[in-house]
S.K.: 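Got a structure for you, questions after.
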Amino acid sequence: QLQLVESGGGLVEPGGSLRLSCTASGLILDDYHVGWFRQAPGKEREGEAVICLAKRGRNIDYEDSVKGRFTISRDHAKNTVTLEMNNLKAEDTAVYFCALDRSRQFFCGRMASRYSDWGQGTQVIVSS
């Protein structure tokens with residue numbers, strides 16, 4: 001049975017860093033595109049991932065607001081995808097979700113409609 005579990009969230013000051021992990025059980029993450037989405041307080045979950053990583057590392061796509069600050073990578077041994085967030089801003093405060101795209105698309109895409117499996121989310125608060 002597939003399970004996606006996010007971890008690593010917490011409280012950080014503006015300009016700080018956090019590392020979020022998405023760990024899968026029940027399948028091999030490298031066989032799927034993985035996206036990270038977020039839901040800010042009082043808002044619906046965004047319709048596009050802030051970042052996605054294609055299967056086999058074919059491409060990474062970023063939302064403009066996180067370019068140069070967020071990176072994504074896989075740890076094959078741990079069956080985990082990591083989101084490294086640097087120079088965090090107050091507007092990055094949100095619950096962050098990882099999700100899987102099981103489609104046969106060659107590259108990852110950030111549209112939420114492509115993603116079928118979701119984790120429960122981890123809270124990130126950026127505040128002084």
Side-chain angles (χ1 to χ4, degrees):
Q1 182 178 352
L2 168 64
Q3 187 175 20
L4 295 175
V5 178
E6 301 94 336
S7 60
L11 173 64
V12 64
E13 292 185 350
S17 299
L18 277 177
R19 181 179 297 169
L20 306 184
S21 294
C22 174
T23 301
S25 58
L27 51 72
I28 298 173
L29 265 184
D30 202 39
D31 292 341
Y32 303 93
H33 307 311
V34 176
W36 281 94
F37 294 77
R38 62 187 179 186
Q39 182 174 7
K43 296 185 178 181
E44 294 187 353
R45 190 169 59 201
E46 295 179 4
E48 293 190 352
V50 293
I51 193 169
C52 70
L53 173 62
K55 64 181 81 171
R56 310 284 187 255
R58 293 168 183 165
N59 79 300
I60 297 172
D61 194 13
Y62 302 83
E63 180 183 288
D64 286 345
S65 68
V66 306
K67 284 182 179 178
R69 301 190 300 121
F70 289 13
T71 59
I72 190 170
S73 61
R74 295 182 189 268
D75 184 328
H76 301 285
K78 296 181 180 180
N79 205 27
T80 294
V81 169
T82 297
L83 175 63
E84 185 83 33
M85 305 187 295
N86 299 307
N87 190 21
L88 282 161
K89 306 175 181 181
E91 51 264 40
D92 295 318
T93 294
V95 177
Y96 283 74
F97 301 85
C98 68
L100 297 188
D101 172 3
R102 295 176 180 257
S103 74
R104 294 179 179 271
Q105 297 281 349
F106 191 81
F107 294 122
C108 75
R110 294 190 294 111
M111 293 297 294
S113 57
R114 286 185 52 169
Y115 293 81
S116 56
D117 302 276
W118 297 79
Q120 82 290 346
T122 186
Q123 177 77 58
V124 171
I125 300 173
V126 184
S127 175
S128 55

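Numbering of residues begins at 1 and proceeds along the displayed sequence.
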S.K.: Mind checking whether E13 and V126 have side chains closer than 4.5 Å, heavy atoms only?
M.R.: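 No - every pair of side-chain heavy atoms lies 4.5 Å or more apart.
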S.K.: Treating Ile, Leu, Val, Met, Phe, Trp and Tyr as nodes and any side-chain heavy-atom pair under 4.5 angstrom as an edge, say whether Y32 and F106 lie in one connected cluster.
M.R.: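 Looking at the clustering, F106 is in a separate group from Y32.
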S.K.: Main chain of G9, side chain of T122: is a donor-acceptor contact present, judged purely on distance under 3.5 Å?
M.R.: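 Yes; judged by distance alone, with no hydrogens or angles, the pair exists.
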S.K.: Give a yes or no answer on whether the side chain of N59 reaches the backbone of C108 with a donor-acceptor pair at less than 3.5 Å.
M.R.: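 Flag set: sc N59 to bb C108 pair under 3.5 Å.
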S.K.: Rounded to the nearest 0.5 Å, what separates atom CG in D117 from atom CG in L2?
M.R.: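 Between atom CG of D117 and atom CG of L2 there are 4.5 Å.
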S.K.: Grouping I, L, V, M, F, W and Y whenever their side-chain heavy atoms are under 4.5 Å apart, do V12 and L83 come out in a common cluster?
M.R.: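 Both belong to a single hydrophobic cluster.
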S.K.: Compare every heavy atom of N86 with every heavy atom of S17, then report the nearest pair and how far apart it is.
M.R.: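 S17 and N86 have their closest heavy atoms at OG-OD1, 2.8 Å.
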S.K.: For atom CD of E44, decide whether the heavy atoms of other residues, nucleotides or ligands shown that lie under 6.0 angstrom number more than 12.
M.R.: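 Result for CD/E44: open.
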S.K.: Does F97 belong to the same Ile/Leu/Val/Met/Phe/Trp/Tyr cluster as M85, with side-chain heavy atoms less than 4.5 Å apart forming each link?
M.R.: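 The answer is no; the residues belong to distinct hydrophobic clusters.
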S.K.: Using every non-hydrogen atom in the two residues, find where S127 and P14 come nearest and quote the distance to one decimal.
M.R.: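 Closest approach of S127 to P14: C-CD, 3.6 Å.
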S.K.: Does the side chain of V124 reach to within under 4.5 Å of the side chain of V95, using non-hydrogen atoms?
M.R.: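 V124 does not reach V95 side chain to side chain.
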S.K.: With rounding to the nearest 0.5 Å, note down the distance linking OG in S7 to CD in Q120.
M.R.: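 The distance works out to 8.5 Å.
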S.K.: Is R110 positioned over the aromatic face of W36, cation under 6.0 angstrom from the ring centre and no more than 45 degrees off axis?
M.R.: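 Output no; distance or angle outside limits.
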S.K.: Let me confirm one number: the CG-CG distance from L29 to N79, rounded to the nearest 0.5 Å.
M.R.: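 With rounding to 0.5 Å, CG (L29) is 4.5 Å from CG (N79).
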S.K.: Quick one: list whatever passes side chain to side chain contact (heavy atoms under 4.5 Å, CB included) with V66, sequence neighbours left out.
M.R.: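 With sequence neighbours excluded, V66 shows a side chain to side chain contact (heavy atoms under 4.5 Å, CB included) to R38, V50, Y62, E63, R69, F70, given in chain and number order.
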S.K.: Residues in side chain to side chain contact (heavy atoms under 4.5 Å, CB included) with R56, at least two apart?
M.R.: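 Expected list: D30, D31, R58.
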S.K.: Hey, mind stepping through E6 and W118 against side-chain contact (heavy atoms from CB on, under 4.5 Å) and telling me if it holds?
M.R.: CA-CA 10 Å; E6 301 94 336; W118 297 79; over 6 Å; no
S.K.: Show me the donor-acceptor pairs within less than 3.5 Å that the side chains of residues 18-27 make with the rest of the protein, sequence neighbours left out.
M.R.:
| from | atom 1 | to | atom 2 | distance (Å) |
| --- | --- | --- | --- | --- |
| R19 | NE | E84 | OE1 | 2.6 |
| R19 | NH2 | E84 | OE1 | 3.2 |
| T23 | OG1 | T80 | OG1 | 3.0 |

S.K.: Using the test salt bridge (charged side-chain N to carboxylate O under 4.0 Å, His left out), find all partners of R114 that sit at least two apart in sequence or belong to another chain.
M.R.: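 D101.
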S.K.: Would you give the length of the straight line joining atom CD1 of I72 to atom CD1 of I51, rounded to the nearest 0.5 angstrom?
M.R.: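 Rounded to the nearest 0.5 Å, the CD1-CD1 separation comes out at 5.0 Å.
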S.K.: I need the minimum non-hydrogen distance between A94 and P41, along with the two atoms involved.
M.R.: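 Taking every non-hydrogen atom into account, CA-CD, 4.4 Å.
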S.K.: Please identify each residue that fulfils ring-ring contact (aromatic ring centres under 6.0 Å, His included) with Y115, with sequence neighbours left out.
M.R.: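 Checked Y115 against ring-ring contact (aromatic ring centres under 6.0 Å, His included); matches are F37.
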S.K.: Just to verify, what does K43 make a salt bridge (charged side-chain N to carboxylate O under 4.0 Å, His left out) with, not counting sequence neighbours?
M.R.: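 For K43 there are no salt bridge (charged side-chain N to carboxylate O under 4.0 Å, His left out) partners, ignoring immediate neighbours.
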S.K.: Using a strict threshold of under 4.0 Å (side-chain N to carboxylate O), is an ion pair present between D92 and K89?
M.R.: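 Salt bridge absent between K89 and D92.
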S.K.: Side chains of R74 and V34, heavy atoms from C-beta outward: is any pair under 4.5 Å?
M.R.: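 Contact flag for R74/V34 side chains = yes.
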S.K.: Which heavy atom in A49 sits nearest to a heavy atom in G35, and how many Å separate them?
M.R.: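 Looking at all heavy atoms of both residues, the closest pair is CB-CA, 4.4 Å.
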S.K.: Would you say the side chain of L100 lies within less than 4.5 Å of the side chain of H33, judging by non-hydrogen atoms?
M.R.: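 SC-SC contact between H33 and L100 ruled out.
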S.K.: Following the transitive rule for hydrophobic clusters with a side-chain heavy-atom cut-off under 4.5 Å over Ile, Leu, Val, Met, Phe, Trp and Tyr, establish whether I60 and Y96 coincide in one cluster.
M.R.: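 They do share one cluster, since a chain of ILVMFWY contacts under 4.5 Å joins I60 to Y96.
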